[in-house]
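All values reported here derive from a predicted model rather than from experimental measurement. Only this structure's heavy atoms are used, side chains among them; waters, hydrogens and symmetry mates stay out. In each ligand, atom 1 is the first atom listed, and ligand 1 is the first ligand listed.
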Amino acid sequence: MNTRGKKKRSDKKNILFVSSEAVPFSKSGGLADVCGALPVALADKGHNVKLVMPRYWCVNKSGRDMKVILGTMGVPMGRETVWCQVIGTRKKGVDFCFIDHEGFFGRAGLYDDGKWEYHDNAERFGFLSKAAVQLCKDLGFKPDIAHCNDWQTAIVPAHLKLKELNNPFFSDTASVFTIHNIGHQGVFPREKYALLDFGEENFTESKFESWGKVHFMKGGIFYADAITTVSPSYAEEILAPYGGAGLTPYLERRSGDITGILNGADYESWDPARDEFIPRKYSVEDMSGKSFCKRVLQERFKLAVDTDIPVIGMVTRLAHQKGLDLLTPVIKDIVRDMKVQFVILGTGEKRMENFLKKLPSEFPGSIGVWIGFDEQRAHLIEAGSDLFLMPSLYEPCGLNQIYSMKYGTLPVVREVGGLKDTVEQYDERQGSGTGFRFNDADPWAVYYTVGWAVSTYYDRRHHFDAMKRRAMKKEFSWEDAAAEYERVYEKAVRRRSSWEKNSFQRGRGNTIF
Ligand code: ADP
């Protein structure tokens, strides 16, 4: 019998997981949280997982556990071979392998220098993807699954199908492409296509071409054996014209192969009962630590220290997607009209940073802002706030609302994507629910929903407290999500094994290509 966590030999898979970021090594957003946790959950289920990612400057190369895996590795890029080394470490059952190429990855930023995107991102991530496949060959690691994530690694399936099709080493390798955010697609000037070396015959509108440019994500959608995205609602949304950000027709062609799997949360890092970042731990049984955290938060953000005033927290990339444009027209009205405080942590678009930076001096004691990326402050905001605002225009999954619930900090969210799938609407008659949702992408919807949450805090505190307890008991486990990925892997393997290789090679085409 196949028990949980133990696999029959035949169920155990070699999984090549490729990502541009993963905690605890590098992070710009939720992609890192997912790519740090899902491989561990898969390893816990008995799979043999190698996670391949770049060795940025933030990765400590000379760390005690870091070993050289391959002193030199040659990666074919267009007509050239690019050389790198591979270093790595084993953590929680996963082999983390870092592609160490100083020219491409020896930088402070992951994708940009804080102002501009790096001009060579096509080369950098094209190289990462090809290096991941090369690594398998050089190590003799035959993957059953090659799992790539977002545009940065979207060319892995194409590389397997176009460059390795006749290589028996990869004859059983199925590919899975996960879309974490369709808003970033990896579109580059036409001349960058040459370095992928996929042939002019594949520079077509259905595969890599888009308005004369080369499009990495399109290639992933076309060539992967299975496609996933990070919540069931987002899977539906990307198939609708606006939600697909221009890719809907290509996704529609693959609609039978698309699955929405809700992300889990890493409760080792995001649980107030064990969080090392917060000033006092607490749990649903003993909430006293939460008001202590609230006081520290108010002090740290120079707010009036008063635990009776509700604090609304935000931790976010300052990007159009996150709906800041729905908040900025009404945030001043909210603090003028309601007895409430805001703490906002974020970095991103300069126009938003500039707007937010001015607020604390305009509303001293009521609005606290920190511009930057700061892990510790992020945890403190989760713990010390009463409400957590996410007015996103779209949200593939969203992790902060999931973390917020664990911290008894009720989410106020726009009902899109994963926000809709995770936050249960408050019902004023029964007191049920785990947060406050609104639908309209309109600043006044933000104003009134915040007002509804704040009035619940003041006027129906028994409801508010019951919701907090309910939210804290919610579990979004990676174990469940990993089980769903296992089902997708099986599907991908079935599709892979049904290829009519010969007919494809003779150019008669098959249903896949
Ligand atoms: P996205 O990946 O679209 O940015 P998610 O909600 O999925 O959004 O994940 C965001 C992750 O990044 C969370 O772990 C959040 O705490 C973290 N984060 C975002 N902005 C900051 C910041 N300024 N400082 C620290 N952590 C941040």
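- For atom 27 (C) of ligand 1, the nearest protein heavy atom (residue, atom name, distance) is Phe373 CE1, 3.4 Å.
- Under a 4.0 angstrom heavy-atom cut-off, Gly398 registers as being in contact with ligand 1.
- Glu424 and Lys474 are joined by a salt bridge, as a carboxylate oxygen and a charged side-chain nitrogen come within less than 4.0 angstrom of each other.
- For ligand 1, one of its N or O atoms has an N or O atom of Asp374 under 3.5 Å away.
- Between Ser28 and ligand 1, no pair of N/O atoms sits closer than 3.5 Å.
- Where the criterion is an N or O separation shorter than 3.5 Å, residue side chain and backbone included, Glu375 fails it with respect to ligand 1.
- Ion pairing between Lys406 and Asp271 fails under the 4.0 Å rule for side-chain N and carboxylate O.
- Heavy atoms only, all atoms of each residue included: Leu380 and Pro279 are closest at CD1-CD, 3.6 Å.
- When hydrogens are left out, the protein atom nearest atom 8 (O) of ligand 1 is Lys322 NZ, 3.0 Å; that is the closest non-hydrogen contact.
- A tilted orientation is assigned to the rings of Trp452 and Tyr426, their planes being inclined by 30° to 60°.
- Under 4.0 Å is where a charged nitrogen must lie from a carboxylate oxygen, and between Glu362 and Lys332 at least one such pair does.
- Annotation for ligand 1: atoms under 4.0 Å from non-hydrogen atoms of Thr316 are 20 (N).
- The nearest protein atom to atom 23 (N) of ligand 1, hydrogens excluded, is given as Gly372 O, 2.8 Å; this is a heavy-atom distance.
- The existence of a salt bridge linking Arg351 and Asp325 is confirmed by a sub-4.0 Å separation between a basic side-chain nitrogen and an acidic carboxylate oxygen.
- For ligand 1, the polar-atom distance check finds an N/O of Leu399 within less than 3.5 Å of one of the ligand's N/O atoms.
- Under a 3.5 Å cut-off, the side chain of Tyr56 and the backbone N or O of Phe105 do not form any donor-acceptor pair.
- The aromatic ring centres of His147 and Tyr489 sit less than 6.0 Å apart.
- Considering backbone and side-chain N/O atoms, Gly30 comes within less than 3.5 Å of an N/O atom of ligand 1.
- Within ligand 1, counting atoms from 1 as listed, the ones closer than 4.0 Å to a heavy atom of Tyr403 are 14 (O).
- Of the heavy atoms in Gln401, none comes closer than 4.0 Å to ligand 1.
- The residues Arg274 and Glu268 are annotated as not salt-bridged, no charged nitrogen and carboxylate oxygen being separated by less than 4.0 angstrom.
- Looking from atom 15 (C) of ligand 1 to the surrounding protein, the closest heavy atom is Asn400 OD1, 3.2 Å.
- Atom 4 (O) of ligand 1 has as its closest protein heavy atom Arg317 NE, 2.8 Å.
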